[in-house]
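Since the structure comes first, as structure tokens, the remarks are kept for the end.
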Amino acid sequence: MSALSELYENIRCCEKCEIARSRIKSVPGEGAEDAEIMFIGEAPGFYEDRQGRPFVGSAGKFLDELLASINLSREQVYIANVIKCRPPANRDPLPQEILNCRPWLDKQIEIIRPKAIVTLGRYSMAMFFPQKTIGKIHGTAENRDGILYVAMYHPAAALHQGNLKEVIKADFLKLPGYISGNSKSTPTKEEKKESDTIAKQLNMFEV
Ligand code: URA
């Protein structure tokens, strides 16, 4: 059994949180064990809970489109969530649930050793960029101990807010450059100005 399959078995049996009782299936994550990019979303929703797979609803469909825009399929990347069980009625994850689930995510990162971790949405971003605001740092990359961390808007938020859709599409297009090491990890002055203007217009510092 591979390290990931063993981990999935353990996640499937996890009962650390109350929400384990209301889940249909836990959603450990999926993708290539040797993936260069790992995407980390928030929590399973209605469809994910039924299928036991991450990002299979409308946000997932959009994520697939974003991946296709950089010539990637979901089989080539790794997709996980901050928490592995669906919070009832899709409420926000609780701090204790995030804490309880953290070791699973840490183990996934340890096994996959991605070149880049892309956070999708505020809970995932808060884990890796505490104190930062998405309106300021989305689409930029920060290198820490050999891993590039990139914060992005959540695809579901982007779907519901017209202008964010273009922002996340543009942010995705930067990923291949980051991965191949050809792009600067910090935005140019012009890029920064443009993204600050969009964020101000949208009044969207927290998504
Ligand atoms: N939203 C997430 O953050 N994760 C999923 O798996 C599905 C929707």
Side-chain angles (χ1 to χ4, degrees), residues 4 7-8 11-12 14 16-17 19-20 22-32 35 37-69 72-109 112 114 116-130 132-134 137-139 149-161 164-165 167-169 171-172 175 204 206-207:
L4 264 184
L7 182 69
Y8 293 165
I11 293 174
R12 284 193 188 102
C14 180
K16 276 191 223 163
C17 306
I19 53 172
S22 56
R23 74 179 174 220
I24 296 176
K25 288 185 177 170
S26 59
V27 182
E30 68 180 24
I37 313 180
M38 181 168 180
F39 293 89
I40 306 178
E42 184 174 312
F46 179 87
Y47 294 104
E48 289 78 19
D49 180 53
R50 269 166 172 68
Q51 296 185 34
R53 298 181 54 213
F55 282 95
V56 289
S58 53
K61 208 162 162 254
F62 185 39
L63 180 59
D64 288 346
E65 271 174 44
L66 292 166
L67 287 171
S69 76
L72 286 175
S73 65
R74 61 161 64 210
E75 290 75 29
Q76 291 171 289
V77 300
Y78 193 85
I79 306 174
N81 279 309
V82 169
I83 66 167
K84 316 299 190 198
C85 294
R86 181 191 182 211
N90 294 346
R91 66 153 166 74
D92 288 342
L94 301 176
Q96 189 59 51
E97 291 163 355
I98 295 172
L99 270 179
N100 288 348
C101 237
R102 178 81 204 224
W104 301 132
L105 188 61
D106 287 342
K107 192 76 194 163
Q108 282 170 312
I109 296 170
I112 291 153
I117 289 180
V118 180
T119 65
L120 300 172
R122 65 187 155 126
Y123 285 92
S124 175
M125 184 183 86
M127 205 168 240
F128 299 98
F129 298 96
K132 297 275 170 78
T133 49
I134 188 72
I137 66 161
H138 70 87
Y149 292 86
V150 185
M152 299 226 189
Y153 285 100
H154 195 286
L159 269 183
H160 296 127
Q161 316 231 6
L164 280 190
K165 212 170 169 183
V167 175
I168 195 174
K169 280 185 184 172
D171 287 347
F172 252 75
L175 277 179
M204 282 290 311
E206 298 294 329
V207 175

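Both counts, for ligands and for their atoms, begin at 1 and track the order of listing.
Checked by atom type and distance alone, the side chain of Glu42 never pairs as donor or acceptor with a backbone atom of Ser124 at under 3.5 Å.
The CG atom of Asp64 sits 4.5 Å away from atom CZ of Arg74, with the distance rounded to the nearest 0.5 Å.
Tyr78 and Glu30 are not linked by any side-chain donor-acceptor pair at a separation below 3.5 angstrom, with hydrogens and angles left out of the test. A donor-acceptor pair shorter than 3.5 Å cannot be found between the side chains of Gln96 and Lys16.
Taking a cut-off of under 4.0 Å to the non-hydrogen atoms of Gly41, the atoms of ligand 1 that pass are 3 (O). Shown in contact with Pro54 at under 4.0 Å from a heavy atom are these atoms of ligand 1, numbered in order with element: 6 (O).
Between Pro44 and ligand 1, not a single N/O pair is under 3.5 Å apart.
Heavy-atom distances between Arg53 and ligand 1 stay at or above 4.0 Å for every pair. Ligand 1 lies out of reach of Ala59, whose nearest heavy atom is not under 4.0 Å from it.
Aromatic pair Tyr153/Phe172: ring centres not closer than 6.0 Å. For His138 and Phe129, the ring centers are positioned 6.0 Å apart or more.
The proximity of Ala156 to ligand 1, defined as any non-hydrogen pair under 4.0 Å, does not occur for either the backbone or the side chain. Contacts with ligand 1 closer than 4.0 Å are made by heavy atoms of both the backbone and the side chain of Glu42.
If you check which protein heavy atom lies closest to atom 4 (N) of ligand 1, you get Asn81 OD1, 2.8 Å.
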